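Have a look at the structure below before the remarks.
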2 protein chains.
Amino acid sequence: MAYSKVGDEELLSKILQVFRTYGNEGATLSRISEATGLEKASLYHRFPGGKRDMVRTVVESVHEWFGENVIHPLDAKGSPADRLHRVLRNLREFYQGGRNSCLLDTLSLPAVEGRLDRALRESLLAWLEGFARIAKASGFSERAARERAQDAIVSIEGALVLVRVLHDTKPFERALDRLAETLIKMEK
Amino acid sequence: MAYSKVGDEELLSKILQVFRTYGNEGATLSRISEATGLEKASLYHRFPGGKRDMVRTVVESVHEWFGENVIHPLDAKGSPADRLHRVLRNLREFYQGGRNSCLLDTLSLPAVEGRLDRALRESLLAWLEGFARIAKASGFSERAARERAQDAIVSIEGALVLVRVLHDTKPFERALDRLAETLIKMEK
DNA sequence: GTCTATAGCTTGATAGAC
DNA sequence: GTCTATCAAGCTATAGAC
């Protein structure tokens, strides 16, 4: 194989793409090697802990991305509706209009060895809390806001499954289009 | 290993359980052998086509189960609300209150070799059409009925993902509790 | 910091005894 | 119709050259 170099950020992004596409078991080192252009031994130099190290780093990096591009903007300045719309743009990009699966889905099957469980759960809880805060800020009660946050994420995760099975991104577009209705209290 | 026999139905049900729990890549012959009590060679006697044969049979059998316990009851006698409630009971049992994942989710990652794709898509389309028919029967327009059918299945699939990550079946219970609202047009 | 080469294990699959 | 024993291929992981 030709000698190749790749920056940390680009490397991680390509590995993420393999995990979100194939899931944990399907993300073999061969596929990761092919996607990144690095031989297996080079991957072990970058991630001394091997595959567990890679998946752990990927989950952490997505958690950080969500913090910066979803959770934090939800609490920024502007009307709740404006803040949510900025976040919807980021989510659409992150999931590539529905063509990318969610790690919460593809990495949550129990075959996974390391205690990835806890990290996924914490990421999801942070997302639920972020959505609940903006729903509450728009006028919903504490309880209603929590329910609507759950409904919102359920609709995203479910839509991603339908997109994968149907090979049609419309369910994801529809889910995002309806999120404002779910999370922002409207005037009557 | 001790000599063991197992009926066709029980065998298939145990194999289904492995696939829905671990997904296609995670459902190894070792796990299937352990779950069924049959050695690998015996599994090949029952399923000459090997793992592909097993997963194909599992998907077909679930498709049939859905026909009998979901699609058909939706078109039976009684008010739309009554018909839907019978189906909700069956879905709750099938997904074990949310503890079981859905094959549409766990088998739809692209790592799968055989053309399982088409079968999953057809199953999902039949489900969508069934839900759309009962929504229409309860008074929704053709277009609204199709949208609501999609929302209903999205909420089930999404809730199953949340249950798996949170280790808490409440999202699934909530999703089922809200299905009647989604699919049955209420008096105002 | 990348590569080639390979070790050791698990996978899906098969041969043949009972 | 089940079992034990085994195979080749693919897996994660490592040694060592450059």
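Lettering of chains follows the sequences in order, A, B, ..., and the numbering in each one begins at 1. Since we're looking at a predicted model, the values are computed, not measured. As a basis for the values below, the full set of heavy atoms in this structure was taken, side chains included, without hydrogen atoms, waters or symmetry mates.
In this entry the distance linking OH of Tyr22(B) with C1' of dT10(C) reads 16 Å, nearest Å. The distance from atom NE2 of His45(A) to atom P of dG1(C) is 4 Å, rounded to the nearest whole Å. Between Glu25(B) atom CD and dG10(D) atom C1' the separation is 12 Å, expressed in whole Å. The separation between Leu29(A) atom CG and dT6(C) atom P is 19 Å, rounded to whole Å. Distance CG (Leu43(A)) to P (dT14(D)): 13 Å, rounded to an integer number of Å. Straight-line distance from the CG atom of Asp8(A) to the P atom of dG1(C): 9 Å, rounded to whole Å. For Lys40(B) and dA9(D), the NZ to C1' distance is 14 Å, given to the nearest whole Å. Look at CD on Glu39(A): it is 15 Å from C1' on dA17(D), rounded to the nearest Å.
Nearest to the side chain of Lys51(B), among dG12(C), dT12(D), dG1(C), sits dG12(C). In the set dT14(C), dT2(C), dT4(D), the nucleotide with an atom closest to the side chain of Leu38(A) is dT2(C). Proximity note for Ala41(B) (side chain, C-beta onward) versus dA15(D), dT14(C), dT11(C): the nearest is dT14(C). Of the candidates dT14(D), dG12(C), dT2(D), the closest approach to any side-chain atom of Ser4(B) belongs to dT2(D).
Phosphate contact (OP1/OP2 of dT10(C), side-chain N/O of Ser30(B), threshold under 4.0 Å): absent. Remark: Arg46(A) is in phosphate contact with dT2(C), judged by side-chain N or O atoms under 4.0 Å from OP1 or OP2. For Tyr3(A), no side-chain nitrogen or oxygen approaches OP1 or OP2 of dC3(C) to under 4.0 Å.
A cation-pi arrangement, defined by a distance under 6.0 Å to the six-membered ring centre and an angle within 45 degrees of its axis, is present between Arg31(B) and Tyr22(B).
Ser42(A) comes within 4.0 angstrom of a nucleotide base, judged by non-hydrogen atoms across all strands. Looking at heavy-atom distances under 4.0 Å, Gly37(A) makes contact with sugar-phosphate atoms alone, never a base.
Without hydrogens or angle criteria, Lys14(B) side chain to Ser33(B) main chain gives no donor-acceptor distance under 3.5 Å. Distance alone, capped at 3.5 Å, places no donor-acceptor pair between the Ser13(B) side chain and the Glu9(B) backbone.
Neither side chain, Glu93(A) nor Asn69(A), offers a donor N or O lying under 3.5 Å from an acceptor on the other. For the residue pair Arg99(B) and Thr169(B), no side-chain donor N or O sits within less than 3.5 Å of a side-chain acceptor on the partner.
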